[in-house]
2 protein chains.
Amino acid sequence: MRAITNPYQCPVTRTMSIIGGKWKPIILNCIGEKSIRFGKLNQLIPAISNKVLSNELKELEELSLIEREEFKELPPRVEYRLTRSGKSLIPLLHELANWGNTNLAKKIEKTIQ
Amino acid sequence: MRAITNPYQCPVTRTMSIIGGKWKPIILNCIGEKSIRFGKLNQLIPAISNKVLSNELKELEELSLIEREEFKELPPRVEYRLTRSGKSLIPLLHELANWGNTNLAKKIEKTIQ
DNA sequence: AATACAAGTAACTTACAGGTAACCAGTTTT
DNA sequence: AAAACTGGTTACCTGTAAGTTACTTGTATT
């Protein structure tokens, strides 16, 4: 039982448990409209380790935000793309980004140092 | 130095560092258009301890999302309300909530269990 | 003289997201 | 026969958000 406090009373927390992680919004945004390979994602987001990337992709797949296609080739090839539900998140991510840009740019610089 | 990876390349992460916590969206939503006292907030959100509530309020104040007014009375009285910037977050929170309701309601039930 | 009230603070603990480094399989290239 | 390629897995470690419990302050009430 995960420690989420009453998801029925806080749908925001529920959504946050999806996109609130450090990497998920970045990954979703990187995939975008493309069909993209594991290695390519790893290149686009160099700061993520392949273990973490692998985990995140697995979780996103479980949540039906992305789908995974495995080609039976050698060396292996796997491609990821957004589902309809995943795509529906993109505009929301953009709004979050916008809000951050217009409301926080300066403030956060101080805070983060 | 906080471990936020390159906020200039991920404004979503930047916004998340504000509202991505467990309690901040709930608190903002509870304050809403009202001017509200510490104790009242604690009643509205019984699951939060006063230490954590106190921390969150302090952080929200530092980010200029809320403002704090202290009345020099006994027993003490302190009121919190949203700033302009804080109010601008509310519609965004609603969209997040909506997305969660329409896209995740059933899925998450399985996952949480 | 004890207790309640509001709005916290202090000290300590815990859970878990995220990080690191090494390793795997099966084929192709050097 | 060693190394490289891809898409991971395994085992282990760490930092920090969040939680718990007890305490404080100055008056008023019982």
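All chains are named by letter (A, B, ...) in the order of the sequence lines, taking the proteins before the strands, and each is independently numbered beginning at 1. All figures in this text were calculated on a predicted structure; none of them were measured in a lab.
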Legend entry - Out of D:dA22, D:dG19, C:dG18, whichever nucleotide has its closest atom nearest the side chain of B:K22: D:dG19
Legend entry - Among D:dA18, C:dG19, C:dA6, the one nearest B:W23 by side-chain distance: D:dA18
Inset, instruction - Under 4.0 Å between any heavy atoms, over every strand shown, what does B:E59 touch: base, sugar-phosphate, or nothing? Just pick one. - result: nothing
Inset, instruction - Have a look at B:E56 and say if it touches a base, only the backbone sugar-phosphate, or nothing, with a 4.0 Å heavy-atom cut-off. - result: sugar-phosphate
Within this structure, what is the [atom1]-to-[atom2] distance between [X] and [N], rounded to whole angstrom?
X     : N      : atom1 : atom2 : result
A:I45 : C:dG19 : CD1   : P     : 12 Å
B:L57 : C:dA6  : CG    : P     : 16 Å
A:N55 : D:dT10 : CG    : P     : 11 Å
B:F71 : C:dA6  : CZ    : P     : 16 Å
A:N50 : C:dC24 : CG    : P     : 15 Å
A:I26 : C:dA17 : CD1   : P     : 17 Å
B:E73 : C:dA6  : CD    : C1'   : 11 Å
B:I48 : D:dA18 : CD1   : C1'   : 10 Å

Legend entry - Residue mapping more 5' on DNA chain C - nearest nucleotide basis, B:R68 or A:L74: B:R68
Inset, instruction - Report yes or no: does B:T15 contribute a side-chain atom to a donor-acceptor pair with the main-chain N or O of A:L96 at less than 3.5 Å? - result: yes
Inset, instruction - Look only at the side chain of A:N103 and the backbone of A:W99, and say whether a donor-acceptor pair between them is shorter than 3.5 Å. - result: yes
Legend entry - Any donor-acceptor N or O pair under 3.5 Å, side chains B:N101, A:R14: yes
With a 4.0 Å cutoff (strictly under), does any side-chain N or O of [X] reach OP1 or OP2 of [N]?
X     : N      : value
A:K51 : D:dG7  : no
A:R77 : C:dG26 : no
A:S54 : D:dT9  : yes
A:K58 : D:dT9  : yes

Answer yes or no: is there an ion pair linking [X] with [Y], defined by an N-O contact shorter than 4.0 Å?
X     : Y     : result
A:E69 : A:R81 : yes
A:R37 : A:E79 : no
B:R77 : B:E70 : no

Inset, instruction - Could you say whether B:P75 or A:Y80 is positioned toward the 5' end of DNA chain D, judged by the nucleotide with the nearest heavy atom to each? - result: A:Y80
Legend entry - Any A:W23 side-chain heavy atom under 4.5 Å of A:V52 side chain: yes
Inset, instruction - Give me the one residue out of A:T83, A:I18, A:I19 that meets side chain to side chain contact (heavy atoms under 4.5 Å, CB included) with A:L63. - result: A:I18
Inset, instruction - Go through residues 27-40 of chain B and report each residue with a non-hydrogen atom lying under 4.0 Å from DNA chain D, sorted by number. - result: none
